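Throughout, a chain's letter reflects where its sequence line sits, starting with A, and its residues are numbered from 1. Worth saying up front: this structure is predicted, and the values here are computed from it rather than measured.
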Amino acid sequence: MPIFRLYDTLSRKVRPLEPLEPDHLRFYTCGPTVYSYAHIGNFRSFVAADLVVRTAKALGWRVSWITNITDVGHLSEDDVADAGGEDRMEKALRSKEGEHFANVWDLAEHYALAYLEDWRALNLSEPLVRPRATQHVREQIVMTQALIEKGNAYETPTGVYFDVDSFPDYGKLSGNTRGKLLDAVRDVVQDENKRQQADFALWKKDDKHLMQWFSPWGWGFPGWHIECSAMARAYLGDVIDLHSGGEDNAFPHHECEIAQTEAYTGRPFSRHWMHVRHLQVEGEKMAKSAGNFFTIRDLVAQGHDPLAVRYALISTPYGRPFNFTMQLLRDAAANVGRFRECERRIRAAGVDPLAFVEESGADELGRELAEDYAECLAAMCDDLNTSVALAKAVEGAKAILRVPSLDEANARSAAWFLRKVNELLGIVRNDAPLDPVPDTGSREIEGRPIEEWVAERTAAKASRDFDLADSIRAKLAEAGIELRDTPAGTEWSALG
RNA sequence: GGCGCCGUGCCCAAGCGGUUAAGGGAAGGGUCUGCAAAACCCUCAUUCGGCAGUUCGAAUCUGCCCGGCGCCUCCA
């Protein structure tokens, strides 16, 4: 088994990912704030986390993966401000889309459900638990209270703040240490209630807030950073193996999480930190405020295959600059199509492509595929080198397609390969499709089953009436049905 | 000011000191086909942003220069 190496933001180098408990990865990924639809940039980061999970499982590890849903509308400048921030949920509720919702709770629920749909469409693994911040306010309060008692936090008229000076390691993740922070080119909002401008909120006092809870400090709501500290600890314990998020999370969010948790437990919080680089779209920076972002549902509505979207999103390793383009999506679709064609051939050989095949066969194809898969896994263990991993996966697919006619042994080896590749990369088929398998039998065009049209065309071909045959093919194509003449007869499939 | 990434064929992209510079897309040619589609086969960088240097040997290491970009602000 190859060694799983991953770039670690904290030590700034590629290091083996070594779980504290052998073969059991405890992994926390920062999830989205559900105040609008998640976009492909969010999903680049979630897919990268999913690939860590898949790789770890391929190595035979047990994986306890936790990824949260932030359904509290935090202040936008939690780390620096009291007054300058604006609540994201409340802002969303006041927006045009917000008119559809009765209140912030409804709004959060709607976008949380949409997020889960997109998650499944992209074939992401299911985490062990998907906690919501609103369901863990108690833990956040308990932790905040303990930090006050330990002397790491203090109460002011407006809330409870973490005292950054009480944690000398502050800045070790991002390089934004206390001294350097002062030089940062940021518009820091001053707040006379805080001892230091870098101190960040653990609790905000606010009895007017749309979401509020009662605490030892009165009515209010928790700070943003404390939720992840509390939830990670609740499910994974004091020390976790890996923590991931988008690169923007490194500072302030993760820096603050480290400060809170390590001050609280006296132990290192996460042994490994992973940050996913933001993507661009057609060469432009993508941001919600710029409005130039794609959501998964946008792309699906345009007719793109979610698996092609996933393929495109992982075509460049997670830490590199990545430019998402329509051209890239087309390139990806071509390769996803190869896997589909492989499944067709396997089925044609009389083997169910979904059947569980334990091992690749001893046939020549099986040996070749076993090699391709080993290289694919090795690439993933090399800091998730998805470019190479995909190349190996495609190499295997081409090896399958190169065989003029698969025999049963070939087909079983091919089925094994596709299963293994799909478990590792999730690009062959959706593991847990929400939609039932496309209705291959019941569709009708102009009131006639597709099979009848196909039969009529076959008859027309036999009597060399190619004009009629071609007109039928054109009619079906218009309805999104693609025909394919094979030695075994005419097959049809619905286009993307 | 801090932290970091990248410049490889028409496009995307691997490559981390040493055989013929992976792979995909596009393009051109071919096989198959009534014609298509799909699939397969072939062709497609003496060269890796530039200039020095280290080395027996560099796309790969060092320095400088040129160019593109990200985060530190809503945002993954």
Side-chain angles (χ1 to χ4, degrees), chain A residues 7 9 12 14 29-33 35-36 38-49 76-77 79-81 84-86 88 91 171 173-177 179-189 244-253 255 275-280 283 285-290 293 311-312 315-323 325 327-328 330-335 337-338 340-342 344-345 375 379 382 385-395 398 400-404 461 464-467 469-470 473-474 477 482-487 491 493:
Chain A
Y7 182 83
T9 310
R12 292 173 178 62
V14 178
T29 296
C30 286
T33 301
Y35 65 100
S36 74
H39 52 68
I40 56 174
N42 299 87
F43 276 101
R44 165 136 121 132
S45 130
F46 302 142
V47 172
S76 54
E77 292 172 25
D79 58 316
V80 292
E86 186 168 19
R88 291 199 276 267
K91 190 178 172 188
L173 181 70
S174 62
N176 283 330
T177 52
K180 288 171 181 169
L181 255 185
L182 298 175
D183 298 330
V185 286
R186 354 192 283 165
D187 293 325
V188 176
V189 177
S244 82
E247 63 179 323
D248 60 313
N249 282 154
F251 187 88
H253 187 51
E255 198 73 76
H275 292 96
V276 181
R277 185 158 179 177
H278 281 15
L279 57 67
Q280 291 186 287
K285 173 184 162 78
M286 181 174 79
K288 284 183 180 175
S289 56
F293 62 91
Y311 191 112
S315 61
T316 298
Y318 72 92
R320 302 245 175 144
F322 175 62
N323 185 16
T325 63
Q327 179 60 248
L328 183 65
R330 283 190 288 273
D331 293 357
N335 282 312
R338 275 209 170 85
R340 295 241 163 82
E341 180 63 18
C342 285
R344 243 175 251 135
R345 303 265 184 107
E375 288 176 8
D382 180 18
N385 191 336
T386 43
S387 297
V388 170
L390 289 173
K392 297 302 173 188
V394 168
E395 220 165 271
K398 293 188 77 168
I400 293 169
L401 296 175
R402 199 154 34 230
V403 178
K461 280 174 62 183
R464 306 197 66 80
D465 183 354
F466 297 121
D467 286 345
D470 289 349
R473 182 168 61 195
E482 183 183 69
L483 296 184
R484 182 176 295 113
D485 293 336
T486 74
E491 295 175 358
S493 56

**OP:** Just call it for A:Gly245: base, sugar-phosphate, or nothing, with non-hydrogen atoms closer than 4.0 Å on any strand.
**Re:** sugar-phosphate

Original post:
Across all strands, who's sitting opposite B:rA38 as a Watson-Crick or G-U wobble pair, both distances under 3.5 Å?
Top reply: none

Original post:
When you compare B:rA27 with B:rG67, how far apart are their P atoms, in angstrom units rounded to a whole number?
Top reply: 35 Å

Original post:
Can you tell me how far P in B:rU60 sits from the matching atom in B:rG18, rounded to whole Å?
Top reply: 12 Å

Subject >> Proximity to the side chain of A:Ser387 - top-ranked nucleotide from B:rA38, B:rC35, B:rA14 >> reply: B:rA14

Original post:
Rounding to a whole Å, what distance do you find between A:Glu247:CD and B:rG2:P?
Top reply: 18 Å

Subject >> B:rU33 pairs with, by Watson-Crick or G-U criteria that keep both distances under 3.5 Å >> reply: none

**OP:** Report the distance from atom OH of A:Tyr7 to atom P of B:rC5, rounded to the nearest whole Å.
**Re:** 6 Å

Original post:
Distance between the C1' atoms of B:rG68 and B:rC32, in whole angstroms?
Top reply: 46 Å

Original post:
In the structure shown, which nucleotide is the Watson-Crick or G-U wobble counterpart of B:rU54, with both distances under 3.5 Å?
Top reply: none

Subject >> Base-pairing mate for B:rG9 - Watson-Crick or G-U, with both contacts under 3.5 Å >> reply: none

Original post:
Now, which nucleotide makes the Watson-Crick or G-U wobble pair with B:rA59, with each of the two distances under 3.5 Å?
Top reply: none

Subject >> A:Val394 or A:Leu401, whichever maps to the more 5' nucleotide of RNA chain B >> reply: A:Val394

**OP:** Look at the side chain of A:Arg277 against the base of B:rC69 and say whether a donor-acceptor pair falls under 3.5 Å; ignore hydrogens and angles.
**Re:** yes

Original post:
How far apart are the closest heavy atoms of A:His275 and A:Thr9, and which atoms are they?
Top reply: ND1-OG1, 2.7 Å

Subject >> Nearest atoms (heavy-atom pairs only) where A:Tyr318 meets A:Val276 >> reply: O-CG1, 3.8 Å

Original post:
Checking only heavy atoms, does the side chain of A:Arg473 share a donor-acceptor pair with the base of B:rC35 at less than 3.5 Å?
Top reply: yes

**OP:** If B:rG17 has a Watson-Crick or G-U wobble mate with both distances under 3.5 Å, name it; if not, just say none.
**Re:** none

Original post:
Which distance, rounded to the nearest 0.5 Å, do you find between the OG of A:Ser45 and the CG of A:Asn249?
Top reply: 7.5 Å

**OP:** Identify whether any heavy atom of A:Leu279 sits under 4.0 Å from a base atom; if not, whether one sits that close to sugar-phosphate; answer base, sugar-phosphate or nothing.
**Re:** base

Subject >> Test item: A:Arg277 and A:Arg44 side chains (from C-beta on) under 4.5 Å apart, heavy atoms >> reply: yes

Original post:
Is any side-chain N or O of A:Lys461 closer than 4.0 Å to OP1 or OP2 of B:rU33?
Top reply: no

Original post:
Is A:Asn323 near enough to B:rC11 that one of its side-chain N or O atoms lies under 4.0 angstrom from OP1 or OP2?
Top reply: no

Original post:
Under 4.0 Å between a side-chain N/O of A:Arg330 and OP1 or OP2 of B:rG24, yes or no?
Top reply: no

Subject >> Nearest-neighbour nucleotide for the A:Asn176 side chain, B:rG1, B:rC71, B:rC35 considered >> reply: B:rG1

Original post:
Is there a side-chain polar atom (N or O) of A:Arg338 under 4.0 Å from OP1 or OP2 of B:rG25?
Top reply: yes

Original post:
With distance as the sole criterion, do the side chain of A:Asp485 and the base of B:rC35 form a donor-acceptor contact below 3.5 Å?
Top reply: yes

**OP:** With heavy atoms under 4.0 Å as the rule, sort A:Thr316 into base, sugar-phosphate or nothing.
**Re:** sugar-phosphate

**OP:** In whole angstrom, give me the gap between the P atoms of B:rU46 and B:rC40.
**Re:** 27 Å

Original post:
Quick one: A:Asn385 CG to B:rA22 C1', roughly how many Å, whole number?
Top reply: 11 Å

**OP:** For B:rA22 and B:rC16, measure between their C1' atoms and round to the nearest Å.
**Re:** 15 Å

**OP:** Provide, to the nearest angstrom, the distance between the CZ atom belonging to A:Arg320 and the C1' atom belonging to B:rG68.
**Re:** 15 Å

**OP:** Could you tell me whether A:Glu341 and A:Arg344 make a salt bridge, using a distance below 4.0 angstrom between a side-chain N and a carboxylate O?
**Re:** yes

Original post:
Rounded to whole angstrom units, what separation is found between the CD atom of A:Gln327 and the P atom of B:rA13?
Top reply: 12 Å

**OP:** Between B:rG23, B:rG70, B:rG34, spot the one nearest the side chain of A:Lys285, thanks.
**Re:** B:rG70

Original post:
Of all the nucleotides listed (B:rC74, B:rA13, B:rG34), which has the minimum atom distance to the side chain of A:Ala469?
Top reply: B:rG34

Original post:
Could a donor-acceptor pair under 3.5 angstrom be found where the side chain of A:Asp248 meets the base of B:rG70?
Top reply: no

Original post:
Contact class for A:Leu173 vs. all strands (heavy atom < 4.0 Å): base, sugar-phosphate, or nothing?
Top reply: nothing

Original post:
For B:rU43, which nucleotide is its Watson-Crick or G-U wobble mate, given both distances must be under 3.5 Å?
Top reply: B:rA27

Original post:
Where the side chain of A:Val388 is defined as all heavy atoms beyond and including C-beta, which of B:rA14, B:rG24, B:rC5 is the nearest nucleotide?
Top reply: B:rA14

Original post:
Is any side-chain nitrogen or oxygen of A:Lys398 closer than 4.0 Å to OP1 or OP2 of B:rG24?
Top reply: yes

Original post:
Between atom CG in A:Asp465 and atom P in B:rC35, what is the gap in whole Å?
Top reply: 16 Å

Original post:
What closest approach, in Å, do A:Ala312 and A:Ser315 show between heavy atoms, and which atom pair accounts for it?
Top reply: O-OG, 2.8 Å

Subject >> Proximity to the side chain of A:Glu341 - top-ranked nucleotide from B:rG70, B:rA38, B:rG68 >> reply: B:rA38

Original post:
Starting at the 5' end of RNA chain B and moving along, which residue's nearest nucleotide shows up first, A:Asn249 or A:Ser315?
Top reply: A:Ser315

**OP:** Using atom CD of A:Gln280 as one end and atom C1' of B:rC5 as the other, report the distance to the nearest whole Å.
**Re:** 11 Å

Subject >> A:Phe293 to A:His39 - nearest heavy-atom pair and separation >> reply: CD1-CB, 3.4 Å

**OP:** Using a heavy-atom cut-off of under 4.0 Å over every strand shown, decide if A:Pro404 touches base, sugar-phosphate, or nothing.
**Re:** nothing

Original post:
A:Arg345 side chain to A:Leu401 main-chain N or O, any donor-acceptor pair under 3.5 Å?
Top reply: yes

Original post:
Is B:rG70 paired to anything, Watson-Crick or G-U wobble with both distances less than 3.5 Å, and if yes, which nucleotide?
Top reply: B:rC3

**OP:** Examine distances only and state if a side-chain atom of A:Asp382 and a backbone atom of A:Asn385 form a donor-acceptor pair shorter than 3.5 Å.
**Re:** no

Original post:
Expressed in angstrom and rounded to an integer, what is the separation of A:Glu255 atom CD from B:rG2 atom C1'?
Top reply: 12 Å

**OP:** Please determine if a side-chain N or O atom of A:Arg402 lies less than 4.0 Å away from the OP1 or OP2 oxygen of B:rC41.
**Re:** yes

Subject >> Nucleotide of B:rG70, B:rA39, B:rA37 approaching A:Arg345 most closely (side-chain heavy atoms) >> reply: B:rA39

